[in-house]
Amino acid sequence: MRYIFHPDALGHRPPNYIQRGERRPMPEKPERAEALASVLTARGGVLETPPDYGPGPRAAVHTPEYLAFLESVHDRWVALPGASEVVTPNVHRSNAPASYPTHVVGQAGYHLYDTSAPIAADTWTATVAAAHAATHAAVLVATGETRSAYALCRPPGHHATRDMGGGFCYLNHVAIAAQASLPLLTGQGRPPRVAILDVDVHHGNGTQDIFYSRNDVLFLSVHADPNVFYPYMAGHAHERGTGTGEGYTINRPLPMGSDEATVLAAIADSLADVARFAPEILFISLGFDTFKDDPLAAFGVTTPGFRVMGEMIARAGLPTVLVQEGGYAVDALAANLGSFLDGFEGV
Ligand SMILES: [Zn+2]
């Protein structure tokens with residue numbers, strides 16, 4: 001197992017976001033990554049800094065307008081009279097045909113679908129660094145240099161769509177990594193194919209959006225019922241892909257308060273789907289916010305439960321890229337990642 005981490009990911013520090021109409025402290029903070037890194041070094045691991053893969057990998061997933069927006073918006077925003085220190089939209093796209101706005105306020109509304117993706121001075125640098133980490137993990141596995149790799153990404157990425165950020169996410173790191181792996185794979189006599197299994201407590205709506213019409217990337221997600229939980233507007237079982245992608249999106253929403261056995265059973269069912277698809281690489285969107293004491297808690301997974309989850313994923317027997325997503329119980333993150341890796345590496 002190789003561990004990949006870019007220290008620039010620590011630079012993203014928006015102090016707050018808007019939830020239920022109130023400004024609240026950001027639970028997605030650098031201390032999360034510090035806690036996760038601490039357990040890797042405590043296990044005797046070496047944190048490898050990824051090389052700079054340039055703009056190509058992110059441009060293969062996101063639109064040029066969105067990338068230019070993310071890179072430039074903070075400087076333009078803080079130059080506005082009376083602007084806040086972090087970019088937060090106050091207009092949003094409607095269903096009517098939209099023209100691309102030139103003003104920064106319009107662009108913030110065009111590209112940010114909620115008030116949970118505040119953009120601060122170093123947000124772009126941090127999410128680019130995380131994208132390089134995920135890409136590097138994918139390249140190492142796709143080229144056979146290692147059987148498995150863990151990318152310590154922060155901020156998370158799975159809520160970012162092709163051209164919108166939301167839910168603490170800006171670039172979609174797992175999507176960028178999966179896309180970057182495809183040209184490196186042999187295909188074993190057919191077009192190369194990979195699977196992404198998202199075990200974060202929130203539906204991976206951004207990843208689903210990016211691959212919804214594709215049959216070379218199977219997307220599976222186990223998450224809390226979007227009728228009553230973020231991201232609210234995606235993640236239902238009837239969302240199964242479109243066109244050639246029909247049947248290649250598999251959602252398993254679970255009731256709020258689902259216990260550990262229920263969550264692990266849904267992951268087992270998802271891994272059975274993965275086995276039928278027979279991908280060359282299994283990507284995991286690894287969130288620890290299924291933890292029973294997570295501040296965004298919806299499920300009852302315990303620290304020992306993450307060990308079982310790690311064992312189950314390892315038993316799939318596939319080259320695996322683990323990409324860090326959510327998990328906000330900072331004091332328990334190290335123990336939960338350590339438990340997961342004990343299970344995964346013990347198989
Ligand atoms: Zn989450």
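Both ligands and their constituent atoms are indexed starting at 1 by order of listing. Side chains included, hydrogens not; waters and symmetry mates left out as well; all remaining heavy atoms used. For the single chain, residues carry numbers from 1 onward in sequence order. Everything quoted here is computed from the prediction, not taken from an experiment.
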Decide, yes or no, whether a salt bridge links D259 with K292 under the criterion of side-chain N to carboxylate O below 4.0 Å.
no
Taking NZ, NE, NH1 and NH2 as the nitrogens, is one of them in D8 or R154 under 4.0 Å from a carboxylate oxygen of the other?
no
How is the N/O/S atom of [X] that comes nearest to the Zn ion (ligand 1) named?
X: H202; value: ND1
X: D289; value: OD2
X: D200; value: OD1

Do H92 and Y113 have side-chain heavy atoms sitting under 4.5 Å apart?
no
List the residues meeting ring pair (Phe, Tyr, Trp, His ring centres under 6.0 Å) with F288, not counting sequence neighbours, and say none if there are none.
F306
Answer yes or no as to whether an N/O/S atom of H159 is found below 2.8 Å from the Zn ion (ligand 1).
no
